[in-house]
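Have a look at the structure below, then the notes.
Along the sequence shown, the residues carry numbers beginning at 1.
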Amino acid sequence: MQLYVKNSSIITLPKIKDNRDGNLIIANSLKEIPFEIKRVYYINQLENSVSVRGKHAHKDCEQVIFCINGSFLLGLDDGTTQQKILMNQDNVGVLLGKMLWHTMEDFSPGCVLLVLASDYYDESDYIRDYEEFIKLSAKT
């Protein structure tokens, strides 16, 4: 997987096969995750495979998004370049940096998204209008 959009990167977490059963996947603040984690949330029971989630950017908050079960299509847009990434590896995530428009769609049955965020929820940090995002991203 290679990213072409600005303000993003691939985050690969250590995945340890437990000989007893299962896998152990580890995410440490300021180590594998390049910021202090202040908020963790997940999205599940995505029954409508044609719904589109996200559709926003953040002014300051950074996030890392993982697909810990199933798959989905992550859309990224830095205001100039757009890219779609198939998310289907439980230990490989994408850093959603500042000023990066993102969408999630094409959810498989049983899909679960996990997000680690650098800050607490703050509605004023969101850019929910795409035209406003384009104007602001041209200034950065």
Side-chain angles (χ1 to χ4, degrees):
M1 179 183 331
Q2 187 172 9
L3 295 176
Y4 303 104
V5 296
K6 296 183 291 187
N7 305 331
S8 68
S9 63
I10 302 297
I11 305 289
T12 303
L13 301 178
K15 184 174 185 175
I16 302 163
K17 173 74 173 147
D18 190 323
N19 290 331
R20 295 169 290 183
D21 194 22
N23 297 310
L24 175 64
I25 299 170
I26 302 162
N28 293 292
S29 286
L30 304 173
K31 192 173 177 188
E32 294 87 10
I33 306 303
F35 50 76
E36 180 183 347
I37 300 167
K38 292 190 177 175
R39 182 168 50 124
V40 176
Y41 63 93
Y42 58 92
I43 303 169
N44 66 358
Q45 297 185 1
L46 294 156
E47 305 301 328
N48 185 355
S49 64
V50 297
S51 67
V52 179
R53 303 281 313 222
K55 298 194 283 190
H56 64 269
H58 291 277
K59 297 172 190 168
D60 293 310
C61 185
E62 295 180 282
Q63 302 180 101
V64 180
I65 188 167
F66 295 92
C67 185
I68 59 173
N69 192 64
S71 65
F72 72 95
L73 197 58
L74 176 64
L76 302 173
D77 183 338
D78 63 18
T80 304
T81 303
Q82 296 83 35
Q83 183 174 5
K84 293 202 177 199
I85 304 290
L86 177 63
M87 301 291 294
N88 63 357
Q89 294 178 280
D90 57 4
N91 71 317
V92 178
V94 172
L95 173 67
L96 304 174
K98 301 172 186 178
M99 296 302 297
L100 185 63
W101 189 267
H102 55 282
T103 59
M104 296 86 74
E105 61 187 318
D106 293 334
F107 306 102
S108 70
C111 181
V112 179
L113 285 67
L114 174 69
V115 181
L116 310 175
S118 68
D119 211 345
Y120 306 111
Y121 175 82
D122 178 2
E123 182 60 33
S124 68
D125 184 58
Y126 284 71
I127 304 167
R128 297 187 186 275
D129 178 85
Y130 185 73
E131 295 306 318
E132 179 186 358
F133 165 73
I134 292 298
K135 289 177 190 171
L136 290 171
S137 66
K139 295 177 183 178
T140 59

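Between Asp77 and Leu100, the closest heavy-atom pair is O-CD1, 3.5 Å. In terms of heavy-atom proximity, Asn7 sits nearest to Lys98 at ND2-O, 2.9 Å. Residue Val64 comes nearest to Pro34 through the heavy atom pair CG2-CD, 4.4 Å, listed as atom of the first residue, atom of the second, then distance. Val92 approaches Phe66 most closely through the heavy-atom pair C-CD2, 3.6 Å. What you find for Phe133 and Ala57 is that their closest heavy atoms are CD1-CB, 3.7 Å.
Residues meeting the side chain to side chain donor-acceptor pair (under 3.5 Å) test with Glu123, sequence neighbours left out: Tyr121, Arg128. Legend: residues meeting salt bridge (Lys or Arg N to Asp or Glu O under 4.0 Å) with Asp78, ordered by chain and number and at least two apart, are absent. Partners of Lys15 under the salt bridge (Lys or Arg N to Asp or Glu O under 4.0 Å) rule, at least two apart in sequence or in another chain, are Asp90. For the side chain to side chain donor-acceptor pair (under 3.5 Å) test, no residue two or more places apart in sequence or in another chain qualifies with Tyr42. For Asn69, there are no side chain to side chain donor-acceptor pair (under 3.5 Å) partners at least two apart in sequence or on another chain.
Note that the CD1 atom of Ile65 and the CE atom of Met104 stand 4.5 Å from one another [nearest 0.5 Å]. Of the inter-residue distances, the one linking Leu114 atom CG with Gln63 atom CD reads 11.0 Å to the nearest 0.5 angstrom. To the nearest 0.5 Å, the span separating SG on Cys67 from CG on Asn91 amounts to 11.5 Å. Summarising the geometry, atom CD1 belonging to Ile33 is positioned 5.0 Å from atom CG belonging to Leu13; distances are rounded to the nearest 0.5 Å. Interatomic distance, CG of Leu116 versus CD of Glu36, reported as 12.5 Å (0.5 Å rounding). Annotation: the span from Ile43 atom CD1 to Phe72 atom CZ amounts to 8.0 Å, rounded to 0.5 Å.
Asp125 places a side-chain N or O within 3.5 Å of a backbone atom of Asp60 that can act as its donor or acceptor partner. Gln83 contributes a side-chain N or O that, together with a main-chain N or O of Gln2, makes up a donor-acceptor pair within less than 3.5 Å. A donor-acceptor contact shorter than 3.5 Å links the side chain of Ser108 to the backbone of Ser71. Between the side chain of Thr81 and the backbone N or O of Val5 there is no donor-acceptor pair closer than 3.5 Å. Side-chain atoms of Lys59 come within 3.5 Å of backbone atoms of Ser124 as a donor-acceptor pair (strictly under, hydrogens ignored).
Neither Val115 nor Leu95 shares a network with the other; the hydrophobic side chains, linked directly or stepwise wherever heavy atoms of I, L, V, M, F, W or Y lie under 4.5 Å apart, form separate groups for each. Taken together through direct or relayed side-chain contacts under 4.5 Å among Ile, Leu, Val, Met, Phe, Trp and Tyr, Ile68 and Ile11 form part of one hydrophobic cluster. Residues Val112 and Ile25 share a single hydrophobic cluster, defined by chaining ILVMFWY side chains whose heavy atoms lie under 4.5 Å apart. In the hydrophobic clustering of this structure, Ile127 groups with Ile134; members are Ile, Leu, Val, Met, Phe, Trp, Tyr whose side-chain heavy atoms approach within less than 4.5 Å, directly or through other members.
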Test log, rule side chain to side chain contact (heavy atoms under 4.5 Å, CB included), inputs Thr103 and Val52: CA-CA 7 Å; Thr103 59; Val52 179; 4.0 Å; yes

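Asp119 has its side chain out of reach of Phe35: every pair of non-hydrogen atoms, C-beta onward, lies at least 4.5 Å apart. In this structure the side chain of Met99 never reaches within 4.5 angstrom of the side chain of Lys6, judged on heavy atoms.
Around CZ of Arg39, the count of heavy atoms belonging to other residues, nucleotides or ligands within 6.0 Å exceeds 12.
For the side chain to side chain contact (heavy atoms under 4.5 Å, CB included) test with His102, the passing option among Ile85, Leu96, Val94 is Leu96; the others fail.
Relative ring orientation between His56 and His58 is described as perpendicular, the plane-to-plane angle rising above 60° on a 0-90° scale split at 30° and 60°.
Applying the salt bridge (Lys or Arg N to Asp or Glu O under 4.0 Å) test to residues at least two apart or on different chains, none of the pairs has a partner in residues 129-140.
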